[in-house]
> 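Here you go, one structure.
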Amino acid sequence: MNEAVLETNLDFPNKRRGKVRDLYELTLENGEEALLIVATDRVSAFDVVMANGLPGKGVLLTQISKFWFEMFSGDFDHHLISTDAADVPGLDAAQRSALDGRIMLCRKTTVVPIECIARGYITGSGWKDYQATGSVCGIPLPAGLRNSDRLEEPLFTPSTKAATGHDENISFEQGVDIVGRQRMEWLGEATLHLYGKARDYALERGIILADTKFEFGTRPDRDEPLLIDEIFTPDSSRFWPADRWQPGGEQPSFDKQVVRNYLETVVAAGEWDKTPPGPRLPDEVVEKSVARYREAYERLTGASLS
């Protein structure tokens with residue numbers, strides 16, 4: 001099995017290390033300030049990074065995002081400049097080879113402090129809210145819905161961007177208090193447009209897009225926000241195989257579900273308590289997880305990666 005890329009140490013300023021990505025700031029040859037996002041193969045679950053990663057996961061996620069950015073380029077401006085490591089100034093040949101396929105060179109933006117979530121099915125935190133209140137983010141829903149039921153109309157359910165820990169679901173009006181009504185209305189319309197188009201596209205390929213989240217950023221030279229971060233990847237969306245969808249419980253998915261299921265057995269055995277450091281994943285769990293990410297990439301894009 002190939003080794004996972006777990007860490008990068010590039011000679012650029014202001015490195016930030018997220019759970020699964022490394023971010024650097026740099027200046028392009030034309031003088032434009034840019035952001036370099038490196039998708040490593042680290043894997044996190046329950047907000048904890050595991051001791052080992054999923055080889056190739058960062059490449060698969062980057063290429064999925066690239067595919068969707070290109071699909072929506074006629075609808076929304078976005079921050080992606082290039083995914084070619086050769087376009088990153090200051091890298092030597094060895095670094096370009098190591099980063100091949102897993103970088104996004106992006107325009108710098110000021111992040112809009114709202115996580116934009118679209119839900120076409122009732123699941124996850126939305127299902128928990130519904131069980132407790134009959135609503136999701138203050139939006140009343142019909143009685144009698146089951147876990148993973150399809151919603152008659154997709155919902156825009158924003159949340160706050162938390163610096164640490166979990167984001168918090170908020171109502172539309174709470175979002176208005178943060179960014180203003182005009183901006184919130186734009187975010188809601190953009191989110192549902194993106195979701196609807198991607199949902200229909202994925203379903204034609206046998207995949208249900210249950211829900212997803214977006215981020216937007218602003219620049220001084222643009223009237224409308226840019227689509228930023230990653231979009232429609234298995235780490236930012238719930239993808240379910242359409243032929244196995246059965247409302248009434250949790251669904252199989254094209255993400256790190258295999259990792260989470262394994263970790264629950266470790267927790268049940270008293271071998272881990274969901275706090276750092278994360279345990280090492282067995283080869284079988286790693287291989288099955290990578291296969292799920294790869295299948296999602298191939299089914300959505302119609303391409304394959306060596």
Side-chain angles (χ1 to χ4, degrees), residues 1-44 49-73 76-113 161 163-164 214-222 225-236 290 293-294 297 301 303-306:
M1 181 182 299
N2 295 330
E3 286 298 316
V5 175
L6 299 180
E7 189 67 50
T8 61
N9 290 292
L10 305 177
D11 190 21
F12 297 123
N14 300 323
K15 176 183 177 181
R16 285 171 279 162
R17 187 180 190 272
K19 291 189 183 74
V20 299
R21 293 184 294 180
D22 296 337
L23 287 76
Y24 300 86
E25 295 180 7
L26 67 158
T27 303
L28 303 181
E29 293 178 355
N30 63 4
E32 181 180 3
E33 293 186 346
L35 185 69
L36 178 65
I37 303 175
V38 183
T40 74
D41 296 330
R42 296 193 295 266
V43 59
S44 69
V49 177
M50 300 298 107
N52 57 330
L54 304 179
K57 169 178 171 279
V59 174
L60 289 164
L61 293 181
T62 299
Q63 297 307 310
I64 290 174
S65 275
K66 177 187 176 184
F67 169 81
W68 290 110
F69 276 127
E70 291 175 347
M71 173 180 286
F72 285 106
S73 61
F76 295 95
D77 200 1
H78 56 74
H79 71 159
L80 181 61
I81 299 172
S82 174
T83 59
D84 188 346
D87 292 332
V88 181
L91 297 181
D92 59 32
Q95 290 171 325
R96 285 196 295 271
S97 177
L99 297 176
D100 185 36
R102 66 173 67 247
I103 66 102
M104 291 199 302
L105 184 61
C106 303
R107 298 174 180 87
K108 285 187 66 175
T109 67
T110 300
V111 178
V112 177
K161 287 291 297 173
T164 58
F214 307 106
E215 290 189 55
F216 292 90
T218 60
R219 285 170 58 92
D221 59 339
R222 307 279 177 168
L226 278 69
L227 189 58
I228 66 171
D229 201 51
E230 61 181 335
I231 57 171
F232 296 121
T233 72
D235 276 11
S236 67
V290 172
Y293 280 97
R294 183 177 294 276
Y297 169 81
T301 69
S304 61
L305 288 175
S306 59

> Between CZ of F216 and CD1 of I228, what distance do you get to the nearest 0.5 Å?
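Answer rounded to 0.5 Å: 9.0 Å.
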> With side-chain hydrogen bond (donor to acceptor under 3.5 Å, both in side chains) as the rule and sequence neighbours excluded, what pairs involving residues 50-69 come up?
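Applying side-chain hydrogen bond (donor to acceptor under 3.5 Å, both in side chains) to every pair that reaches into residues 50-69, excluding sequence neighbours, yields K57-D235.
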> Is any side-chain heavy atom of V88 closer than 4.5 Å to one of L99?
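The answer is no; the side chains never approach within 4.5 Å.
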> Taking C-beta and beyond as the side chain, do V20 and L61 meet within less than 4.5 Å on heavy atoms?
no
> Using the side-chain contact (heavy atoms from CB on, under 4.5 Å) definition, which of the options L80, D77, V112 pairs with L226?
D77
> Output, in order, the C-alpha distance, side-chain angles, deciding distance and verdict of side chain to side chain contact (heavy atoms under 4.5 Å, CB included) for L35 and F12.
CA-CA 10 Å; L35 185 69; F12 297 123; over 6 Å; no
> How long is the span from the CG atom in D22 to the CD1 atom in I103, to the nearest 0.5 Å?
13.0 Å
> Kindly indicate whether the side chain of I64, heavy atoms from C-beta on, has any atom under 4.5 Å from the side chain of P234.
yes
> Just how far is it from atom OG1 of T109 to atom CZ of R222, taken to the nearest 0.5 Å?
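That separation rounds to 11.5 Å.
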> Under the salt bridge (charged side-chain N to carboxylate O under 4.0 Å, His left out) test, which residues partner E7, sequence neighbours left out?
K15, R17, R42
> Nearest 0.5 Å, what's the CG-CG distance between L105 and L28?
5.5 Å
> Of all the heavy-atom pairs spanning V43 and G53, show the shortest one and how long it is.
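Heavy-atom minimum between the residues: CG1-CA, 4.2 Å.
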> Considering the options L36, I37, I81, which one meets the side-chain contact (heavy atoms from CB on, under 4.5 Å) requirement together with C106?
I37
> Tell me the salt bridge (Lys or Arg N to Asp or Glu O under 4.0 Å) pairs involving residues 80-105, sequence neighbours left out?
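As it turns out, the salt bridge (Lys or Arg N to Asp or Glu O under 4.0 Å) pairs with a partner in residues 80-105, which skip direct neighbours, are D41-R102.
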> Return the set of residues passing side-chain hydrogen bond (donor to acceptor under 3.5 Å, both in side chains) with R21 (not counting sequence neighbours), or none when no residue passes.
D229
> Could you tell me whether a side-chain N or O of Y24 sits under 3.5 Å from a main-chain N or O of L10, the two making a donor and an acceptor?
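Yes, the answer is positive, given that a donor and an acceptor are paired below the 3.5 Å cut-off.
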> Parallel, tilted or perpendicular: which fits the ring planes of F214 and F232, with parallel below 30° and perpendicular above 60°?
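Rings of F214 and F232: perpendicular, over 60°.
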> Kindly write out the residues that satisfy ring-ring contact (aromatic ring centres under 6.0 Å, His included) with F67, not counting sequence neighbours, or none if the list is empty.
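Y201.
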> Do any pairs count as a salt bridge (Lys or Arg N to Asp or Glu O under 4.0 Å) and have a residue in residues 23-38, sequence neighbours left out, and if so which ones?
R16-E25, E25-K108, E32-R219, E33-K108
